[in-house]
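Within every chain, numbering begins at 1; the chains are lettered A, B, ... in the order of the sequence lines, protein sequences first and strands thereafter. All of these numbers come straight from a predicted model, not from anything done at the bench.
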There are 2 protein chains.
Amino acid sequence: MERLAVDMDGVLADVYEQFFRYDERDFGKRRPPEEVIGVEERKAFPYINEYVYTKGFFRTAPVVKNSVEIMTRLNEKYEVFIVSAAMEFPQSLPEKLEWLKEHFPFLSWQQLVFCGSKTIVDADIMIDDHFRNLDNFSGITILYTQPHNQLKDAGRHKRADSWADIASLLL
Amino acid sequence: MERLAVDMDGVLADVYEQFFRYDERDFGKRRPPEEVIGVEERKAFPYINEYVYTKGFFRTAPVVKNSVEIMTRLNEKYEVFIVSAAMEFPQSLPEKLEWLKEHFPFLSWQQLVFCGSKTIVDADIMIDDHFRNLDNFSGITILYTQPHNQLKDAGRHKRADSWADIASLLL
């Protein structure tokens with residue numbers, strides 16, 4: 001059975017929607033989506049460094065559309081691990097655990113990995129929205145489209161614009 | 001640079017000393033060490049499942065003798081990762097982070113991994129006190145002696161009875 005490493009923020013958890021919501025709270029109006037396309041997350045949202053350290057930010061993130069259904073099927077076909085580079089935000093660790101238990105109850109704690117660097121991950125396939133995690137990975141790599149990577153050439157990585165695309169690639 | 005994965009509980013953190021202290025608190029006398037040699041942790045300490053879910057258990061664990069000094073030197077020679085199968089005890093995650101920051105401040109959050117199963121770890125050398133983590137690892141394996149594994153044949157694993165032994169093997 002092939003081993004599949006799935007990123008959390010920006011792939012399962014819709015942190016961009018959280019950024020938009022927190023930004024709207026702070027500036028009084030919802031930012032037009034096109035304003036953040038092709039812009040690094042930290043540049044697109046001025047107060048992002050406060051948001052990601054705010055209690056509840058990760059716990060209340062919405063689920064990325066269709067990810068639950070497709071992950072249910074992937075979990076039957078692959079040895080799935082959820083790999084989150086969460087160590088930078090210590091307060092996020094229990095929140096992420098609770099979030100996964102709520103939204104992906106079919107995954108067990110044995111399938112979770114919280115790390116600082118993903119270089120230590122041994123898997124066959126990796127899904128992530130950040131080049132820094134995919135570029136050093138030797139297996140098959142799938143770049144999940146988010147505004148920050150949308151205008152970049154995916155290079156050797158396959159690009160998935162949606163979970164339907166992931167299903168097409170892996171199921 | 002070779003990558004070295006170091007276990008936390010029973011290798012860096014002296015959880016046995018914590019078991020002895022909690023056990024003494026509950027039963028009124030310190031258990032003689034020879035009583036737990038060759039006995040599984042869960043059988044040696046009747047209330048262990050309460051201890052490991054107790055707030056503060058991991059945060060206040062003593063440091064294993066000489067581990068700080070030897071780890072300082074290993075950290076210069078190897079690409080060190082601390083890999084803890086901590087996902088079973090969610091409350092332990094922030095405690096373990098704080099514990100590491102206090103006792104091993106020369107390690108960065110990039111070097112930490114909390115997982116459920118260590119099968120996902122890609123490294124060259126692994127130090128652990130549990131056969132279940134070492135047996136499926138394809139690199140060099142060092143079994144750190146603790147009462148629960150003391151009477152077992154180390155098999156293909158090298159055995160280290162102390163951090164001085166680890167220094168002899170790796171420095």
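Taking the ring centroids of A:Phe89 and A:Phe57, they lie at or beyond the 6.0 Å cut-off.
Among the candidates B:Ile120, B:Leu93, B:Val113, B:Val121, the residue making the largest number of heavy-atom pairs closer than 4.5 Å to chain A is B:Ile120.
The minimum heavy-atom distance between B:Ala167 and B:Ile70, with the atom names listed, is CB-CD1, 3.7 Å. For the residue pair A:Phe137 and A:Ala123, the shortest heavy atom distance occurs at CZ-O, 3.2 Å.
Here B:Leu4 contributes atom CG and B:Ile127 contributes atom CD1; the two are 4.5 Å apart, rounded to the nearest 0.5 Å.
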Just list the donor-acceptor pairs under 3.5 angstrom between chain B and chain A, please.
residue  : atom : partner  : partner atom : Å
B:Arg3   : NH1  : A:Thr119 : O            : 3.1
B:Leu112 : O    : A:Gly116 : N            : 3.2
B:Phe114 : N    : A:Phe114 : O            : 2.7
B:Phe114 : O    : A:Phe114 : N            : 2.7
B:Gly116 : N    : A:Leu112 : O            : 3.2
B:Thr119 : O    : A:Arg3   : NH1          : 3.1
B:Ile120 : O    : A:Asp122 : N            : 2.8
B:Asp122 : N    : A:Ile120 : O            : 2.8

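No chain of hydrophobic side-chain contacts below 4.5 Å, direct or via other Ile, Leu, Val, Met, Phe, Trp or Tyr residues, connects A:Met126 to A:Phe104.
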Exercise for review: Might you work through the side chain to side chain contact (heavy atoms under 4.5 Å, CB included) test for B:Met8 and B:Phe58, ending with a clear yes or no?
Suggested key: CA-CA 10 Å; B:Met8 217 168 146; B:Phe58 291 100; over 6 Å; no
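Of the atoms belonging to A:Leu97, it is side-chain heavy atoms, and not backbone ones, that fall under 4.5 Å from chain B.
Residue pairs meeting the salt bridge (charged side-chain N to carboxylate O under 4.0 Å, His left out) criterion with at least one partner in residues 103-117 of chain B, sequence neighbours excluded, are absent.
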